[in-house]
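One-based numbering, in listed order, for ligands and for the atoms of each. Here the structure is a predicted model, which is why all the values come from computation and not from measurement.
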Amino acid sequence: MKLLDNKVALVTGASRGIGREIAKKFAEQGASIAFTYLSSVEKGQGLEAELAAYGVKAKGYRSDASDYAAAEQLVNDVVSDFGTLDVLVNNAGITRDTLLMRMSEEQWDEVLRVNLKSVFNLTKAATKPMMRAKQGSIINMTSVVGIMGNAGQANYSASKAGIIGFTKSVAKELGSRNIRSNAIAPGFIETEMTGELNEKALEEWLKNIPLKRAGQGEDVANACVYLGSDLSKYITGQVLQVDGGMLM
Ligand code: NAP
(Lines give C-alpha, C1' and ligand atoms only; values in the text may rest on other atoms or scores of the structure.)
Protein backbone atom coordinates (compact mmCIF):
# COMPACT_ATOMS: atom_id res chain seq x y z
CA MET A 1 0.00 0.00 0.00
CA LYS A 2 1.44 3.35 -1.04
CA LEU A 3 0.58 6.71 0.53
CA LEU A 4 -1.26 8.10 -2.51
CA ASP A 5 -2.83 4.94 -3.95
CA ASN A 6 -6.22 5.62 -5.61
CA LYS A 7 -5.72 9.40 -5.56
CA VAL A 8 -5.84 11.68 -8.58
CA ALA A 9 -3.54 14.70 -8.28
CA LEU A 10 -3.14 17.83 -10.39
CA VAL A 11 0.21 19.64 -10.13
CA THR A 12 0.67 23.02 -11.87
CA GLY A 13 4.05 24.02 -13.27
CA ALA A 14 5.62 20.55 -13.30
CA SER A 15 7.90 20.90 -16.33
CA ARG A 16 10.84 21.97 -14.15
CA GLY A 17 12.09 22.45 -10.59
CA ILE A 18 9.99 21.69 -7.53
CA GLY A 19 6.82 20.87 -9.50
CA ARG A 20 8.61 18.17 -11.46
CA GLU A 21 9.88 16.56 -8.24
CA ILE A 22 6.37 16.68 -6.75
CA ALA A 23 4.92 14.92 -9.80
CA LYS A 24 7.60 12.21 -9.60
CA LYS A 25 7.20 11.66 -5.83
CA PHE A 26 3.42 11.48 -6.24
CA ALA A 27 3.80 8.89 -9.00
CA GLU A 28 6.24 6.90 -6.81
CA GLN A 29 3.55 6.91 -4.10
CA GLY A 30 0.89 5.53 -6.45
CA ALA A 31 -1.10 8.64 -7.45
CA SER A 32 -2.51 9.20 -10.93
CA ILE A 33 -0.99 12.47 -12.09
CA ALA A 34 -2.30 15.30 -14.19
CA PHE A 35 0.22 18.12 -14.55
CA THR A 36 0.71 21.37 -16.43
CA TYR A 37 3.47 23.24 -18.19
CA LEU A 38 3.48 26.42 -20.23
CA SER A 39 6.68 27.52 -21.99
CA SER A 40 8.85 24.38 -21.44
CA VAL A 41 6.90 22.27 -23.91
CA GLU A 42 9.49 19.56 -24.58
CA LYS A 43 10.30 19.09 -20.89
CA GLY A 44 6.60 18.94 -20.10
CA GLN A 45 5.90 16.34 -22.73
CA GLY A 46 8.94 14.30 -21.59
CA LEU A 47 7.57 14.11 -18.06
CA GLU A 48 4.54 12.12 -19.17
CA ALA A 49 6.69 9.12 -20.14
CA GLU A 50 8.87 9.51 -17.03
CA LEU A 51 5.80 9.29 -14.78
CA ALA A 52 4.23 6.43 -16.72
CA ALA A 53 7.38 4.40 -15.91
CA TYR A 54 6.15 4.30 -12.29
CA GLY A 55 3.14 2.33 -13.55
CA VAL A 56 0.62 5.11 -12.92
CA LYS A 57 -1.67 7.03 -15.26
CA ALA A 58 -0.08 10.38 -16.17
CA LYS A 59 -1.05 13.18 -18.54
CA GLY A 60 0.42 16.62 -19.20
CA TYR A 61 -1.62 19.65 -20.26
CA ARG A 62 -0.25 22.87 -21.71
CA SER A 63 -2.20 25.43 -19.70
CA ASP A 64 -1.63 28.93 -18.33
CA ALA A 65 -2.51 28.84 -14.63
CA SER A 66 -3.01 32.61 -14.57
CA ASP A 67 -5.83 32.44 -17.15
CA TYR A 68 -9.20 31.98 -15.41
CA ALA A 69 -11.04 30.35 -18.34
CA ALA A 70 -8.07 28.07 -19.11
CA ALA A 71 -7.94 26.90 -15.48
CA GLU A 72 -11.64 26.04 -15.56
CA GLN A 73 -11.18 24.15 -18.83
CA LEU A 74 -8.16 22.34 -17.40
CA VAL A 75 -10.04 21.04 -14.37
CA ASN A 76 -12.94 19.93 -16.59
CA ASP A 77 -10.46 18.07 -18.84
CA VAL A 78 -8.73 16.43 -15.87
CA VAL A 79 -12.05 15.25 -14.42
CA SER A 80 -13.16 13.88 -17.77
CA ASP A 81 -9.79 12.11 -18.30
CA PHE A 82 -9.27 10.83 -14.73
CA GLY A 83 -12.82 10.67 -13.32
CA THR A 84 -12.20 12.88 -10.27
CA LEU A 85 -9.69 15.17 -8.55
CA ASP A 86 -8.44 14.49 -5.01
CA VAL A 87 -5.29 16.61 -4.62
CA LEU A 88 -4.49 19.99 -6.17
CA VAL A 89 -0.95 21.36 -5.90
CA ASN A 90 -0.77 25.03 -6.90
CA ASN A 91 2.95 25.16 -7.59
CA ALA A 92 3.37 27.36 -10.71
CA GLY A 93 5.23 30.57 -9.94
CA ILE A 94 7.61 33.18 -11.29
CA THR A 95 9.92 35.93 -10.02
CA ARG A 96 10.50 39.39 -11.49
CA ASP A 97 12.92 40.67 -8.84
CA THR A 98 13.96 44.29 -8.55
CA LEU A 99 13.91 47.06 -5.95
CA LEU A 100 10.60 48.83 -5.49
CA MET A 101 12.06 52.05 -6.93
CA ARG A 102 12.69 50.30 -10.24
CA MET A 103 9.69 47.96 -10.23
CA SER A 104 7.36 48.54 -13.17
CA GLU A 105 3.60 48.14 -13.08
CA GLU A 106 4.01 45.20 -15.49
CA GLN A 107 6.45 43.43 -13.14
CA TRP A 108 4.00 43.86 -10.27
CA ASP A 109 0.95 42.74 -12.26
CA GLU A 110 2.65 39.75 -13.87
CA VAL A 111 3.89 38.28 -10.58
CA LEU A 112 0.55 38.81 -8.84
CA ARG A 113 -1.32 37.29 -11.77
CA VAL A 114 0.88 34.20 -12.20
CA ASN A 115 1.55 33.53 -8.50
CA LEU A 116 -1.67 34.58 -6.74
CA LYS A 117 -4.53 34.79 -9.22
CA SER A 118 -3.57 31.33 -10.51
CA VAL A 119 -4.21 29.91 -7.03
CA PHE A 120 -7.70 31.45 -7.02
CA ASN A 121 -8.38 30.19 -10.57
CA LEU A 122 -7.39 26.58 -9.95
CA THR A 123 -8.78 26.30 -6.43
CA LYS A 124 -12.16 27.68 -7.45
CA ALA A 125 -12.41 25.22 -10.34
CA ALA A 126 -11.12 22.25 -8.31
CA THR A 127 -13.53 22.70 -5.42
CA LYS A 128 -16.44 21.64 -7.67
CA PRO A 129 -15.28 18.01 -8.15
CA MET A 130 -13.92 17.97 -4.58
CA MET A 131 -17.31 19.00 -3.15
CA ARG A 132 -18.98 16.27 -5.22
CA ALA A 133 -16.49 13.73 -3.82
CA LYS A 134 -16.90 15.17 -0.28
CA GLN A 135 -13.13 15.28 0.14
CA GLY A 136 -10.02 16.97 -1.17
CA SER A 137 -6.59 18.36 -0.33
CA ILE A 138 -5.35 21.67 -1.71
CA ILE A 139 -1.65 22.48 -1.34
CA ASN A 140 -0.48 25.99 -2.20
CA MET A 141 3.19 26.82 -2.74
CA THR A 142 4.03 29.97 -0.83
CA SER A 143 7.55 30.92 0.35
CA VAL A 144 9.33 31.96 3.53
CA VAL A 145 9.62 35.43 1.95
CA GLY A 146 5.83 35.61 2.04
CA ILE A 147 6.21 35.49 5.84
CA MET A 148 9.36 37.56 6.39
CA GLY A 149 9.58 39.81 3.30
CA ASN A 150 12.71 40.25 1.18
CA ALA A 151 14.40 43.30 -0.32
CA GLY A 152 14.07 43.19 -4.11
CA GLN A 153 11.00 40.96 -3.97
CA ALA A 154 8.10 43.24 -3.00
CA ASN A 155 5.93 41.82 -5.78
CA TYR A 156 6.89 38.18 -5.13
CA SER A 157 6.58 38.36 -1.33
CA ALA A 158 3.21 40.14 -1.61
CA SER A 159 1.95 37.37 -3.89
CA LYS A 160 3.20 34.70 -1.49
CA ALA A 161 1.72 36.44 1.58
CA GLY A 162 -1.56 36.63 -0.34
CA ILE A 163 -1.45 32.89 -0.85
CA ILE A 164 -1.25 32.35 2.92
CA GLY A 165 -4.38 34.45 3.58
CA PHE A 166 -6.18 32.68 0.77
CA THR A 167 -5.16 29.23 2.05
CA LYS A 168 -6.50 29.93 5.56
CA SER A 169 -9.77 31.43 4.27
CA VAL A 170 -10.42 28.42 2.05
CA ALA A 171 -9.62 26.10 4.98
CA LYS A 172 -12.32 27.87 7.02
CA GLU A 173 -14.87 27.91 4.19
CA LEU A 174 -14.47 24.33 3.07
CA GLY A 175 -13.50 22.43 6.21
CA SER A 176 -17.10 21.34 6.74
CA ARG A 177 -16.98 19.73 3.27
CA ASN A 178 -13.89 17.70 4.23
CA ILE A 179 -11.73 19.76 1.87
CA ARG A 180 -8.38 20.69 3.41
CA SER A 181 -6.27 23.66 2.38
CA ASN A 182 -2.64 24.04 3.44
CA ALA A 183 0.42 25.93 2.25
CA ILE A 184 4.05 24.92 2.00
CA ALA A 185 6.68 27.62 2.49
CA PRO A 186 9.99 26.49 1.02
CA GLY A 187 13.13 28.32 2.04
CA PHE A 188 16.12 28.20 -0.27
CA ILE A 189 15.64 25.34 -2.75
CA GLU A 190 18.09 24.64 -5.58
CA THR A 191 16.19 25.10 -8.88
CA GLU A 192 16.47 27.30 -11.97
CA MET A 193 14.58 29.97 -10.01
CA THR A 194 17.40 30.26 -7.45
CA GLY A 195 20.17 29.36 -9.95
CA GLU A 196 20.41 33.03 -10.89
CA LEU A 197 21.88 33.96 -7.47
CA ASN A 198 25.65 34.59 -7.30
CA GLU A 199 28.12 32.80 -4.96
CA LYS A 200 28.09 35.63 -2.42
CA ALA A 201 24.30 35.73 -2.11
CA LEU A 202 24.29 31.94 -1.78
CA GLU A 203 26.82 32.08 1.11
CA GLU A 204 24.67 34.66 2.87
CA TRP A 205 21.61 32.40 2.65
CA LEU A 206 23.54 29.36 3.91
CA LYS A 207 24.81 31.26 6.97
CA ASN A 208 21.21 31.49 8.18
CA ILE A 209 20.22 27.87 7.59
CA PRO A 210 20.72 25.66 10.70
CA LEU A 211 20.81 22.48 8.57
CA LYS A 212 23.69 24.07 6.56
CA ARG A 213 22.56 23.14 3.09
CA ALA A 214 20.22 24.34 0.41
CA GLY A 215 17.00 22.36 0.07
CA GLN A 216 16.24 20.07 -2.86
CA GLY A 217 13.01 19.77 -4.80
CA GLU A 218 12.63 16.35 -3.22
CA ASP A 219 12.47 17.90 0.28
CA VAL A 220 9.46 19.97 -0.76
CA ALA A 221 7.90 17.05 -2.64
CA ASN A 222 8.04 14.87 0.49
CA ALA A 223 6.07 17.51 2.42
CA CYS A 224 3.51 17.56 -0.41
CA VAL A 225 3.11 13.77 -0.17
CA TYR A 226 2.31 14.19 3.52
CA LEU A 227 -0.25 16.97 2.97
CA GLY A 228 -1.78 15.18 -0.02
CA SER A 229 -2.13 11.87 1.80
CA ASP A 230 -4.56 10.80 4.50
CA LEU A 231 -1.70 10.94 7.04
CA SER A 232 -2.56 14.65 7.34
CA LYS A 233 -6.34 14.22 7.40
CA TYR A 234 -6.76 16.37 10.55
CA ILE A 235 -4.48 19.15 9.32
CA THR A 236 -5.86 22.22 7.55
CA GLY A 237 -5.13 25.94 7.35
CA GLN A 238 -1.43 25.43 8.12
CA VAL A 239 1.75 26.80 6.61
CA LEU A 240 4.46 24.13 6.67
CA GLN A 241 7.96 25.59 6.32
CA VAL A 242 10.44 23.45 4.42
CA ASP A 243 13.48 25.61 4.98
CA GLY A 244 16.15 23.78 6.98
CA GLY A 245 15.19 25.89 10.00
CA MET A 246 15.99 29.21 8.30
CA LEU A 247 12.97 31.03 9.69
CA MET A 248 11.62 30.23 13.15
P1 NAP B 1 11.07 27.07 -11.56
O2 NAP B 1 12.17 26.09 -11.56
O3 NAP B 1 11.28 28.41 -12.18
O4 NAP B 1 9.76 26.39 -12.22
C5 NAP B 1 8.57 27.11 -12.33
C6 NAP B 1 7.50 26.24 -12.93
O7 NAP B 1 6.29 27.02 -13.01
C8 NAP B 1 7.84 25.77 -14.34
O9 NAP B 1 7.45 24.44 -14.50
C10 NAP B 1 6.98 26.69 -15.22
O11 NAP B 1 6.54 26.06 -16.41
C12 NAP B 1 5.77 26.91 -14.33
N13 NAP B 1 5.01 28.10 -14.69
C14 NAP B 1 5.41 29.40 -14.68
N15 NAP B 1 4.41 30.20 -15.08
C16 NAP B 1 3.33 29.40 -15.34
C17 NAP B 1 2.00 29.62 -15.76
N18 NAP B 1 1.54 30.87 -16.01
N19 NAP B 1 1.17 28.57 -15.94
C20 NAP B 1 1.62 27.30 -15.69
N21 NAP B 1 2.86 27.02 -15.27
C22 NAP B 1 3.71 28.06 -15.10
O23 NAP B 1 10.57 27.38 -10.06
P24 NAP B 1 10.70 26.49 -8.73
O25 NAP B 1 11.91 26.96 -8.00
O26 NAP B 1 10.53 25.06 -9.03
O27 NAP B 1 9.44 27.05 -7.90
C28 NAP B 1 8.21 26.35 -7.83
C29 NAP B 1 7.33 27.05 -6.81
O30 NAP B 1 7.97 27.07 -5.54
C31 NAP B 1 7.02 28.50 -7.15
O32 NAP B 1 5.69 28.83 -6.77
C33 NAP B 1 8.02 29.26 -6.31
O34 NAP B 1 7.59 30.58 -6.03
C35 NAP B 1 8.06 28.40 -5.07
N36 NAP B 1 9.26 28.58 -4.26
C37 NAP B 1 10.50 28.27 -4.74
C38 NAP B 1 11.62 28.44 -3.93
C39 NAP B 1 13.01 28.10 -4.38
O40 NAP B 1 13.94 28.31 -3.59
N41 NAP B 1 13.23 27.57 -5.55
C42 NAP B 1 11.45 28.96 -2.64
C43 NAP B 1 10.19 29.26 -2.19
C44 NAP B 1 9.09 29.06 -3.01
P45 NAP B 1 7.13 26.39 -17.89
O46 NAP B 1 8.62 26.46 -17.77
O47 NAP B 1 6.65 25.23 -18.71
O48 NAP B 1 6.50 27.70 -18.31
Distance from [atom] to nearest protein heavy atom, with residue and atom:
atom                    : value
atom 26 (O) of ligand 1 : Ile18 N, 2.8 Å
atom 24 (P) of ligand 1 : Thr191 OG1, 3.7 Å
atom 40 (O) of ligand 1 : Ile189 N, 2.8 Å
atom 46 (O) of ligand 1 : Ser40 OG, 2.5 Å
atom 33 (C) of ligand 1 : Tyr156 OH, 3.4 Å
atom 13 (N) of ligand 1 : Ala92 CB, 3.9 Å
atom 5 (C) of ligand 1  : Gly93 O, 3.7 Å
atom 31 (C) of ligand 1 : Asn91 O, 3.2 Å

At a 4.0 Å threshold, what atoms of ligand 1 neighbour a non-hydrogen atom of [X]?
X      : answer
Val114 : 15 (N), 18 (N)
Asp64  : 17 (C), 18 (N), 19 (N)
Met141 : 29 (C), 30 (O), 35 (C)
Gly187 : 40 (O), 42 (C), 43 (C)
Ser63  : 19 (N), 20 (C)
Tyr37  : 47 (O)

* Structure fact -> Note: Lys160, heavy atoms under 4.0 Å from ligand 1, region reported as side chain
* Asked: Taking non-hydrogen atoms only, is Thr142 closer than 4.0 angstrom to ligand 1 via side chain, backbone, both or neither?
  -> backbone
When you compare ligand 1 with [X], is there at least one nitrogen or oxygen pair between them that comes in under 3.5 angstrom?
X     : value
Ala65 : yes
Ser39 : yes
Gly13 : yes
Leu38 : yes

* Any heavy atom of Thr194 sitting closer than 4.0 Å to ligand 1? ->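 Per 4.0 Å heavy-atom rule, Thr194 contacts ligand 1.
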* To do: Identify the heavy atoms of Asp86 and Lys7 that sit nearest to each other, and give their distance.
  => OD2-CA, 3.3 Å
Donor-acceptor list for residues 168-179 side chains, cut-off 3.5 Å, not counting sequence neighbours:
residue : atom : partner : partner atom : Å
Ser169  : OG   : Gly165  : O            : 2.9
Asn178  : ND2  : Lys134  : O            : 3.2

* Cluster overlap Leu122 with Ile184, hydrophobic side-chain contacts below 4.5 Å ->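 No: no chain of side-chain contacts under 4.5 Å links Leu122 to Ile184.
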* To do: Could you tell me whether Arg102 and Asp97 make a salt bridge, using a distance below 4.0 angstrom between a side-chain N and a carboxylate O?
  =>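 Result for this pair is no, no salt bridge flagged.
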* For the pair Lys43 and Glu192, find out whether any cationic side-chain nitrogen is under 4.0 Å from an anionic carboxylate oxygen. =>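 A salt bridge is present here (some side-chain N lies under 4.0 Å from a carboxylate O).
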No-hydrogen, no-angle side-chain donor-acceptor test under 3.5 Å, [X] and [Y]:
X      : Y      : value
Asn150 : Ser157 : no
Arg113 : Ser118 : no
Tyr61  : Asp81  : yes

* To do: Validate the cation-pi geometry between Lys57 and Phe82: distance from NZ or CZ to the six-membered ring centre under 6.0 Å, angle to the ring axis within 45°.
  => yes
* Asked: Just by modelled atom types, is the Met246 backbone N or O under 3.5 Å from a matching donor or acceptor in the Asn208 side chain?
  -> no
* Can you pull the salt bridge (Lys or Arg N to Asp or Glu O under 4.0 Å) pairs that have at least one residue in residues 22-40, sequence neighbours excluded? ->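 Pairs touching residues 22-40 that pass the test: Glu21-Lys24, Lys24-Glu50, Lys25-Glu28, Lys25-Glu218.
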* To do: Could you give me the CA-CA distance, side-chain angles and deciding distance for Lys207 and Glu204, then say whether salt bridge (Lys or Arg N to Asp or Glu O under 4.0 Å) is met?
  => CA-CA 5 Å; Lys207 257 192 227 159; Glu204 279 308 306; 2.8 Å; yes
* To do: Give the C-alpha distance, both sets of side-chain angles, the deciding distance and a yes or no for side-chain contact (heavy atoms from CB on, under 4.5 Å) between Asp67 and Gln73.
  => CA-CA 10 Å; Asp67 178 328; Gln73 183 62 51; over 6 Å; no
* Among Gly217, Gly215, Pro186, whose heavy atom sits nearest atom 43 (C) of ligand 1? -> Pro186
